[in-house]
Amino acid sequence: MMNGVEKTNGEDLATEEQLITPWTVSVASGYTLLRDPRHNKGLAFTENERDAHYLRGLLPPSLMTQELQEKKLMHNLRQYEVPLQRYMAMMDLQERNERLFYKLLIDNVEELLPVVYTPTVGEACQKYGSIFRRPQGLYISLKEKGKILEVLKNWPESNIQVIVVTDGERILGLGDLGCQGMGIPVGKLSLYTALGGLRPSACLPVTIDVGTNNEKLLNDEFYIGLRQRRATGQEYAELLEEFMTAVKKNYGEKVLVQFEDFANHNAFELLEKYSPTHLVFNDDIQGTASVVLAGLLAALKLVGGALADHRFLFLGAGEAGTGIAELIALEISKQTKAPLEETRKKIWLVDSKGLIVSSRRESLQHFKKPWAHDHEPVKGLLDAVKAIKPTVLIGSSGVGKTFTKEVVEAMASINEKPLILALSNPTSQSECTAEEAYTWSKGRAIFASGSPFDPVEYNRKVFVPGQANNAYIFPGFGLGLIMSGAIRVHDDMLLAASEALAAQVKQENFDKGLIYPPFSNIRNISANIAAKVAAKAYELGLASRLPRPKDLVKYAESCMYSPIYRSYR
């Protein structure tokens with residue numbers, strides 16, 4: 001063990017200056033070295049390395065620094081008009097030269113995050129069959145039932161610390177993309193490395209393929225997954241049970257399993273079922289909730305009052321909506337010492353049938369029941385805004401254009417500074433655009449969204465919309481769990497992560513109307529979040545890495561992967 005993050009080979013133990021041997025099965029040299037993404041440096045191999053590793057003649061004579069390679073690649077990427085081409089170019093780079101890929105992503109995070117993650121990753125998943133070149137990650141389908149442990153052993157790395165797994169049933173706001181959902185775990189894990197500093201070799205993307213109900217895919221001759229309708233019920237539960245058992249058996253108690261883009265019913269059930277026995281985290285329920293709560297805590301500096309003084313109205317009562325609502329209620333309860341049943345009453349949810357009220361309780365899904373409060377039935381969102389008079393409006397419906405002019409104007413007539421969060425992804429599914437929110441509220445709204453929007457000029461003032469992106473939370477959250485050797489996730493850790501993120505918003509960010517810090521500083525933000533999460537794990541007695549490091553922020557930074565090239569002897 002070193003730095004609480006298990007190290008497997010000399011390369012991970014070496015400092016950036018030390019010489020290392022590029023082992024694969026034997027020492028990689030010549031042609032194989034150029035084709036090994038973990039060790040390949042392209043034209044950055046030195047004269048000595050070219051001699052020692054039989055590279056003479058296999059490369060043009062020019063020598064380049066990593067900085068010059070980065071400059072060239074960024075220039076090339078910017079030539080592409082179509083975001084999907086940039087995505088494909090980045091994926092090619094990841095398969096060719098891992099360190100250069102991460103160097104690009106870390107140094108140009110604000111520009112490249114929308115390429116490797118939402119919104120472009122959504123389009124990539126939709127077209128995954130036709131842009132599919134080389135398998136990334138591990139595909140576990142119904143064909144592998146009874147053999148999942150063997151399949152895990154086929155993966156070349158044995159020291160896995162984070163698994164991101166999807167079954168592709170609800171990819172972003174795009175629906176069932178079956179096996180093509182693999183783009184999501186691959187993208188998420190590249191952010192774990194770039195933003196949270198986990199080693200790429202410690203990350204495992206998994207897609208569980210139980211079929212798809214997407215007719216278009218079933219009839220597509222290029223579809224890469226199982227051609228059958230989705231397995232459900234016992235067959236589904238047994239496959240997941242076998243997977244979760246195999247993961248724990250193969251990688252131990254402390255491997256983090258992050259559930260990603262499962263459909264509502266399965267997401268809640270899996271989280272509930274495995275939270276007591278595994279280190280599990282659902283980014284759609286818990287990650288989204290934590291990042292939104294952070295935005296709300298920061299926004300209090302702009303709108304005034306405590307969290308308990310506000311009234312919240314949600315459009316959308318699925319994983320994200322109920323997850324955010326529950327975390328807000330927990331935070332108010334923590335601040336005011338009021339019971340959770342009381343604090344939930346400040347939060348109202350609207351689903352496809354209207355306001356969730358107690359007269360509907362019988363017909364509601366179990367995860368909506370805590371939000372059914374006493375009120376006469378209300379049909380649409382506009383009427384709900386007028387009836388509830390919320391100070392905060394949150395969209396997590398997955399349906400675009402639902403925050404209409406009338407809705408935003410109603411919010412602005414009730415509040416001096418209405419807080420409007422349009423969280424649905426990708427951009428096409430956003431409840432409203434930044435421009436609409438600022439224009440319809442006459443520049444008074446405080447706005448953030450799930451997908452990125454450009455700054456908006458209104459009345460000669462420039463407004464910069466914040467992005468409530470889960471990438472603020474999950475990389476630091478995961479790092480905090482791993483560096484403390486946490487064995488379970490507790491809600492208090494999510495609250496700690498939210499408070500840590502809110503504390504990173506500086507006065508100059510507030511002056512622009514921002515309720516999130518800029519992404520350019522994300523590694524430092526992740527280290528601060530990791531430190532707070534780890535501190536909470538130690539406090540709750542859930543950390544297994546002892547003794548506790550003295551300075552957790554410094555310790556988090558020391559654990560982070562560096563993409564700088566190493567020198568080979």
Side-chain angles (χ1 to χ4, degrees), residues 4 162 196 253-259 267-268 270-298 300 306-308 312 319-320 322-344 346-347 367 370 468 470 472-505 525-546 548-549 551-553 555-556:
V162 188
E253 188 84 28
K254 293 180 286 188
V255 63
L256 171 61
V257 179
Q258 178 170 316
F259 295 122
F268 288 106
L270 290 169
L271 190 60
E272 213 168 293
K273 182 174 179 183
Y274 292 108
S275 288
T277 56
H278 291 65
L279 183 67
V280 291
F281 172 68
N282 182 308
D283 195 41
D284 307 299
I285 300 172
Q286 296 164 297
T288 307
S290 186
V291 80
V292 172
L293 177 60
L296 295 174
L297 292 173
L300 295 176
L307 203 59
F312 305 87
E319 293 168 60
T322 53
I324 301 162
E326 186 67 7
L327 208 60
I328 294 171
L330 274 168
E331 179 71 15
I332 296 174
S333 171
K334 184 181 147 192
Q335 287 178 5
T336 61
K337 308 283 183 287
L340 204 52
E341 288 67 36
E342 278 306 302
T343 61
R344 281 186 184 135
K346 297 180 184 299
I347 303 166
F367 55 85
N470 294 20
Y472 277 117
I473 291 283
F474 73 80
F477 191 80
L479 178 63
L481 294 173
I482 286 157
M483 73 184 208
S484 62
I487 51 168
R488 298 290 177 267
V489 171
H490 191 284
D491 282 337
D492 285 358
M493 296 174 182
L494 295 168
L495 299 179
S498 299
E499 289 162 10
L501 177 56
Q504 296 294 309
V505 189
I525 294 166
S526 291
N528 278 283
I529 291 172
K532 286 283 189 290
V533 170
K536 192 53 77 175
Y538 283 108
E539 187 188 314
L540 295 167
L542 292 171
S544 64
R545 194 193 176 281
L546 301 167
R548 171 188 161 145
D551 184 333
L552 285 168
V553 178
Y555 180 63

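- Residues Leu270 and Asn282 fail the side-chain proximity criterion, which asks for heavy atoms closer than 4.5 Å.
- Between Phe268 and Phe367, the ring planes lie parallel to each other; the angle is under 30°, not in the 30° to 60° tilted range.
- Rounding to the nearest 0.5 angstrom, the gap separating the CZ atom in Phe477 from the OG atom in Ser498 is 9.0 Å.
- By the 4.5 Å heavy-atom criterion applied to side chains, Lys254 and Ile487 are counted as neighbours.
- Between Ile347 and Ile324 there is no side-chain heavy-atom pair separated by less than 4.5 Å.
- Here the straight-line distance linking atom CG of Leu479 with atom CG of Leu256 works out to 11.0 Å at 0.5 Å rounding.
- From Lys334, atom NZ reaches atom CG of Asp491 across 11.5 Å, with rounding to the nearest 0.5 Å.
- In this structure, Glu499 does not pair ionically with Lys536, as no charged nitrogen and carboxylate oxygen lie closer than 4.0 Å.
- Environment of NZ in Lys532: sparse, with no more than 12 heavy atoms of neighbouring residues, nucleotides or ligands closer than 6.0 Å.
- Of the possible polar contacts, none joining the Ser544 side chain to the Ala486 backbone as a donor-acceptor pair under 3.5 Å is found.
- Scanning all heavy atoms of the two residues, the minimum distance from Tyr538 to Arg545 falls at OH-O, 2.7 Å.
- Side chain of Glu326 to backbone of Thr322: no donor-acceptor contact under 3.5 angstrom is found.
- The aromatic ring centroids of Phe281 and Phe474 lie 6.0 Å or more from each other.
- Side-chain atoms of Asn528 never come within 3.5 Å of backbone atoms of Gln504 as a donor-acceptor pair (strictly under, hydrogens ignored).
- Atom CD of Glu272 has 12 or fewer neighbouring heavy atoms from other residues, nucleotides or ligands inside a 6.0 Å radius.
- Closest heavy-atom contact between Thr277 and Lys273: OG1-O, 4.2 Å.
- Side chains of Tyr274 and Val257 form no contact here, defined as non-hydrogen atoms less than 4.5 Å apart.
- Between Val280 and Val489 the shortest side-chain heavy-atom distance does not fall below 4.5 Å.
- Taking both residues in full, the closest heavy atoms of Thr343 and Ala329 are given as OG1-O, 3.0 Å, listed atom of the first, atom of the second, then distance.
- Counting only heavy atoms from C-beta outward, the side chains of Gln286 and Glu319 never approach each other to under 4.5 Å.
- Contact between Ala497 and Ile473 at its shortest, heavy atoms only, is O-CD1, 3.9 Å.
- Annotation for Ala308 and Ile332: closest pair CB-CG2, 3.7 Å, computed over non-hydrogen atoms.
- Leu327 places a side-chain heavy atom less than 4.5 Å from the side chain of Leu330.
- Of the possible polar contacts, one joining the Ser484 side chain to the Leu481 backbone as a donor-acceptor pair under 3.5 Å is found.
- Here the straight-line distance linking atom CD1 of Ile285 with atom CG of Leu494 works out to 11.0 Å at 0.5 Å rounding.
- Counting all heavy atoms, side chain and backbone alike, Ala338 lies closest to Ser333 at O-OG, 2.8 Å.
- If you take CE on Met493 and CG on Leu540, they are separated by 5.5 Å, rounding to the nearest 0.5 Å.
- Using a 4.5 Å cut-off on side-chain heavy atoms (C-beta onward), Thr336 and Glu342 make no contact.
- Annotation: the span from Leu495 atom CG to Asp492 atom CG amounts to 5.5 Å, rounded to 0.5 Å.
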